[in-house]
Amino acid sequence: LISIVSMLAPTLEMKIKFAFEIFDVDGNGTIDKEELTQIISAVELLQGKALNERVDKILSLADSDGNGELDYDEFAVLCRRY
């Protein structure tokens with residue numbers, strides 16, 4: 001998957017946009033806690049309490065408006081920062 005993303009999205013901004021579109025499973029323009037949990041579970045192979053703690057930490061760092069979801073701008077800042 002990383003190789004495909006690198007070929008299809010050569011710049012960082014294109015990679016961020018591509019990842020956001022993949023992670024926003026329902027296509028509503030935000031990544032909610034459930035979608036973020038699925039992503040982190042698949043990528044980091046976490047479960048249970050460790051998974052919930054990681055998701056909560058990411059949301060606390062990135063969800064600047066406190067609505068419990070990451071919009072594109074919040075996601076992009078998170079990607080650039082970490």
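Residues: numbered from 1 along the sequence shown.
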Enquirer: Which residue, Leu70, Thr37, Asn67, Asp26, forms the side-chain contact (heavy atoms from CB on, under 4.5 Å) with Asp32?
Expert: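 Option passing the side-chain contact (heavy atoms from CB on, under 4.5 Å) with Asp32: Asp26.
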Enquirer: According to a 4.5 Å side-chain heavy-atom criterion applied to Ile, Leu, Val, Met, Phe, Trp and Tyr, with indirect links allowed, do Leu46 and Leu61 form part of one hydrophobic cluster?
Expert: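 Shared cluster, yes.
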Enquirer: According to the ring-ring contact (aromatic ring centres under 6.0 Å, His included) rule, which pairs have a member within residues 39-71, sequence neighbours left out?
Expert: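 Counting only pairs at least two positions apart or across chains, no ring-ring contact (aromatic ring centres under 6.0 Å, His included) contact touches residues 39-71.
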Enquirer: Rounded to the nearest 0.5 Å, what separation is found between the CG atom of Leu36 and the CG atom of Leu51?
Expert: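 Going from CG on Leu36 over to CG on Leu51, the span is 8.5 Å.
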Enquirer: Considering residues at least two apart in sequence or located in another chain, which fulfil the side chain to side chain donor-acceptor pair (under 3.5 Å) criterion with Glu21?
Expert: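 With sequence neighbours excluded, Glu21 shows a side chain to side chain donor-acceptor pair (under 3.5 Å) to Lys17, given in chain and number order.
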Enquirer: Is there a continuous path of hydrophobic side-chain contacts, each under 4.5 Å between heavy atoms, that joins Ile58 to Ile22?
Expert: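 Yes, one cluster joins them.
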Enquirer: For Gly68 and Asp63, which heavy atoms make the closest approach, and how far apart are they?
Expert: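 The answer is N-OD2, 2.6 Å.
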Enquirer: Quick test of your reading: applying side chain to side chain donor-acceptor pair (under 3.5 Å), list the pairs with at least one residue in residues 38-48, sequence neighbours left out, ordered by first then second residue.
Expert: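 Only Glu44-Arg54 qualify under side chain to side chain donor-acceptor pair (under 3.5 Å).
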Enquirer: Quick one: ring-ring contact (aromatic ring centres under 6.0 Å, His included) pairs with a partner in residues 26-47, sequence neighbours left out?
Expert: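 Checked against ring-ring contact (aromatic ring centres under 6.0 Å, His included) - neighbours excluded - no pair reaches residues 26-47.
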Enquirer: List for me each residue that meets side chain to side chain donor-acceptor pair (under 3.5 Å) alongside Asn28, sequence neighbours excluded, and say none if there are none.
Expert: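 Once residues adjacent in sequence are excluded, the partners of Asn28 under the side chain to side chain donor-acceptor pair (under 3.5 Å) criterion are Thr30.
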Enquirer: What residue pairs, at least two apart or across chains, pass ring-ring contact (aromatic ring centres under 6.0 Å, His included) with a residue in residues 23-48?
Expert: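 For residues 23-48: Phe23-Phe75.
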Enquirer: Hydrophobic cluster membership, with links at side-chain heavy-atom distances under 4.5 Å among I/L/V/M/F/W/Y: are Ile39 and Val77 in one?
Expert: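 Different clusters: Ile39 never reaches Val77 through Ile, Leu, Val, Met, Phe, Trp or Tyr contacts under 4.5 Å.
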Enquirer: Can you list every salt bridge (charged side-chain N to carboxylate O under 4.0 Å, His left out) pair that touches residues 33-43, not counting sequence neighbours?
Expert: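 Only Lys33-Asp56 qualify under salt bridge (charged side-chain N to carboxylate O under 4.0 Å, His left out).
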Enquirer: Mind jotting down which residue pairs meet the salt bridge (charged side-chain N to carboxylate O under 4.0 Å, His left out) criterion with at least one end in residues 64-82? Sequence neighbours excluded, please.
Expert: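 Every salt bridge (charged side-chain N to carboxylate O under 4.0 Å, His left out) pair that includes a residue of residues 64-82, provided the two are not neighbours, is Glu13-Arg80.
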Enquirer: Same cluster for Val43 and Leu45 if Ile/Leu/Val/Met/Phe/Trp/Tyr side chains link at under 4.5 Å?
Expert: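 Each belongs to a different hydrophobic cluster.
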Enquirer: Is there a path of hydrophobic side-chain contacts, each under 4.5 Å between heavy atoms of I/L/V/M/F/W/Y residues, joining Val25 to Ile31?
Expert: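 No, because Ile31 and Val25 fall into different hydrophobic clusters, even though each may have its own neighbours under 4.5 Å.
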